[in-house]
Engineer: 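Questions regarding the structure given below will be posed in turn.
Throughout, a chain's letter reflects where its sequence line sits, starting with A, and its residues are numbered from 1. A quick note: this is a predicted structure, and the numbers were derived from the prediction, not measured.
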There are 2 protein chains.
Amino acid sequence: MLRLSKMTDYAVAVLAHLARGPAVQTAPGIALATLMPEPTVAKVLKTLAASGLVTSLRGARGGYRLSRPLADIPVAEVITAIDGPIALTACVEGSPTVCEQQGSCPMSGRWLRVNDAIREALSAITLADMLESTPPPAIAAPPMMAIEGVL
Amino acid sequence: MLRLSKMTDYAVAVLAHLARGPAVQTAPGIALATLMPEPTVAKVLKTLAASGLVTSLRGARGGYRLSRPLADIPVAEVITAIDGPIALTACVEGSPTVCEQQGSCPMSGRWLRVNDAIREALSAITLADMLESTPPPAIAAPPMMAIEGVL
DNA sequence: CTCTATCAGGACTAGCTTAGTCCTCTTACT
DNA sequence: AGTAAGAGGACTAAGCTAGTCCTGATAGAG
């Protein structure tokens with residue numbers, strides 16, 4: 001399914017929300033506004049802060065704010081921040097589990113090109129791109145299903 | 001991690017193996033040659049047969065053979081055959097679990113562009129591309145780790 | 001100076017998905 | 001007929017993800 005973690009999806013939504021409204025916003029506030037579970041939003045924000053996509057302000061009246069405008073954040077960077085480096089196959093995951101077919105498997109390293117192609121595609125699209133055009137969010141009923149079977 | 005299922009990795013390896021050696025090969029034979037677990041190879045082959053990438057020949061002296069040369073098989077097609085349609089986010093997975101943030105979430109449908117970019121990237125690369133160039137499989141030691149942190 | 005709102009960081013749990021196995025049935029060559 | 005193969009599906013186990021919670025650190029407000 002080549003799936004992305006749900007956390008990444010959350011992260012994009014959170015970043016988008018931060019770009020609107022007040023510059024500094026708290027985790028609970030964003031959770032409330034986006035209807036996402038609060039602890040989850042907090043977790044995502046912490047991760048984003050750790051990778052520098054958002055800046056945290058501690059203490060009372062603290063919160064998070066975007067470190068950069070959305071136009072300067074490629075989708076790839078968000079994915080990397082949340083899910084770790086893009087690495088399609090088990091062989092490539094950097095996991096300590098070394099593929100034991102290495103010797104016989106004709107695939108060793110072959111996924112590199114594919115991986116690169118995806119990385120480039122994702123680096124070329126910024127969050128601003130994602131949000132700007134395309135049809136407005138609300139076609140009410142089942143807007144997300146339309147995408148099914150794209151490939 | 002944007003991970004691909006291990007099954008897809010197996011599938012590519014199996015297809016590559018089918019392209020070499022005799023035209024018709026049995027599941028146990030391929031398993032033996034590639035050192036992959038036999039039931040798993042069988043399962044992958046059945047799935048590939050179901051989506052038409054390989055043709056099965058039943059009965060004694062049966063087996064599987066490629067339906068098309070590798071140059072005519074885009075990586076995207078293998079992924080789709082094994083993992084189902086490429087759909088990055090939960091919203092998009094075609095799962096019955098409708099994203100309950102649909103109304104408030106500014107993301108609805110926004111992943112479409114990203115999804116398309118990936119689909120195109122994966123459609124442009126054929127299995128033949130994957131196998132032809134790039135360094136030979138064996139640099140012995142840790143060839144797959146080199147790819148880590150690509151993004 | 002103290003109080004409190006807020007983030008930091010990690011431990012923990014439950015559920016789901018994937019990988020992998022196995023069994024039975026069908027097909028068709030010898 | 002007998003047998004070598006695939007078809008198709010049920011089942012199990014392990015790993016990962018999502019989600020929750022707790023404790024500590026920070027810094028503004030009063």
Side-chain angles (χ1 to χ4, degrees), chain A residues 1-11 13-14 18 22 24-32 35-65 79 82-84 87 89-90 93 95-97 99-101, chain B residues 1-11 13-14 18 22 24-32 35-65 79 82-84 87 89-91 93-97 99-101:
Chain A
M1 230 162 307
L2 195 71
R3 76 142 185 266
L4 213 56
S5 78
K6 207 186 273 189
M7 285 296 168
T8 304
D9 202 8
Y10 286 155
V14 163
L18 265 178
V24 174
Q25 299 181 48
T26 68
I30 295 175
L32 211 63
L35 300 183
M36 300 184 220
E38 201 244 284
T40 302
V41 170
K43 191 183 197 176
V44 166
L45 280 166
K46 283 180 222 172
T47 309
L48 290 175
S51 40
L53 285 173
V54 301
T55 305
S56 67
L57 304 171
R58 300 178 122 197
R61 293 264 167 165
Y64 294 94
R65 67 155 194 268
I79 295 174
I82 302 288
D83 280 343
T89 62
E93 272 178 77
S95 70
T97 325
C99 163
E100 69 281 359
Q101 274 89 38
Chain B
M1 227 164 309
L2 196 71
R3 78 143 183 265
L4 214 54
S5 79
K6 206 186 272 187
M7 285 295 168
T8 303
D9 202 9
Y10 285 156
V14 164
L18 265 178
V24 175
Q25 300 181 47
T26 68
I30 295 174
L32 212 64
L35 300 184
M36 301 184 219
E38 202 244 284
T40 301
V41 169
K43 190 183 198 175
V44 166
L45 279 166
K46 284 181 221 172
T47 309
L48 290 175
S51 42
L53 284 173
V54 301
T55 304
S56 66
L57 304 171
R58 301 178 119 199
R61 292 265 167 166
Y64 295 92
R65 67 154 193 269
I79 295 174
I82 302 289
D83 280 343
T89 62
C91 294
E93 271 179 77
S95 70
T97 324
C99 164
E100 68 281 356
Q101 275 90 38

Engineer: Using OP1 and OP2 only, check whether a side-chain N or O of B/Tyr10 sits under 4.0 Å from C/dA19.
Structural biologist: no
Engineer: Starting at CZ of A/Arg58 and ending at P of C/dT4, how long is that distance when rounded to a whole Å?
Structural biologist: 19 Å
Engineer: Provide, to the nearest angstrom, the distance between the NZ atom belonging to A/Lys6 and the C1' atom belonging to C/dA14.
Structural biologist: 14 Å
Engineer: Measure from CD1 on A/Ile82 to C1' on D/dC16 and round the result to the nearest Å.
Structural biologist: 16 Å
Engineer: Counting any heavy atom closer than 4.0 Å, what does A/Leu57 reach on the DNA or RNA strands: base, sugar-phosphate only, or nothing?
Structural biologist: sugar-phosphate
Engineer: Check every atom of D/dG28, C/dT21, C/dT18 against the side chain of B/Arg3 and return the nucleotide holding the closest atom.
Structural biologist: C/dT18
Engineer: The side chain of B/Thr26 lies closest to which of these nucleotides: D/dT20, D/dG6, C/dG20?
Structural biologist: D/dG6
Engineer: For the pair A/Asp83 and A/Leu4, evaluate side-chain contact (heavy atoms from CB on, under 4.5 Å) and give the outcome as yes or no after the intermediate values.
Structural biologist: CA-CA 8 Å; A/Asp83 280 343; A/Leu4 213 56; 4.2 Å; yes
Engineer: Name the nucleic acid region contacted by B/Ala50, choosing base, sugar-phosphate or nothing; use a 4.0 angstrom heavy-atom cut-off, strictly under.
Structural biologist: nothing
Engineer: Nearest whole angstrom, please: distance from the P of D/dC16 to the CE of A/Met7.
Structural biologist: 16 Å
Engineer: Which listed nucleotide (D/dG28, D/dG6, D/dG19) is nearest to the side chain of B/Ser56?
Structural biologist: D/dG6
Engineer: Kindly say whether B/Met36 contributes a backbone atom to a donor-acceptor pair with the side chain of B/Thr40 at under 3.5 angstrom?
Structural biologist: no
Engineer: Is there side-chain contact between A/Gln25 and A/Leu18, with heavy atoms separated by less than 4.5 Å?
Structural biologist: yes
Engineer: Indicate, yes or no, whether a donor-acceptor pair under 3.5 Å links the base of C/dG9 to the side chain of A/Lys46.
Structural biologist: yes
Engineer: Which whole-number value in Å describes the distance from A/Asp83 CG to D/dT17 P?
Structural biologist: 7 Å
Engineer: Nearest whole angstrom, please: distance from the P of D/dT17 to the NZ of A/Lys43.
Structural biologist: 10 Å
Engineer: CZ of A/Arg61 versus C1' of D/dT26: gap in Å, rounded?
Structural biologist: 17 Å
Engineer: Among the candidates D/dG28, D/dG6, C/dC7, find the nucleotide nearest to the side-chain atoms of A/Ala60.
Structural biologist: D/dG28
Engineer: Output the rounded distance in Å from CD (A/Glu38) to P (C/dA8).
Structural biologist: 13 Å
Engineer: Name the closest nucleotide to the A/Ser5 side chain, picking from D/dA18, D/dA4, D/dG28.
Structural biologist: D/dA18
Engineer: OP1 or OP2 of D/dA7 versus the side-chain N and O atoms of B/Tyr64: is any pair under 4.0 Å?
Structural biologist: yes
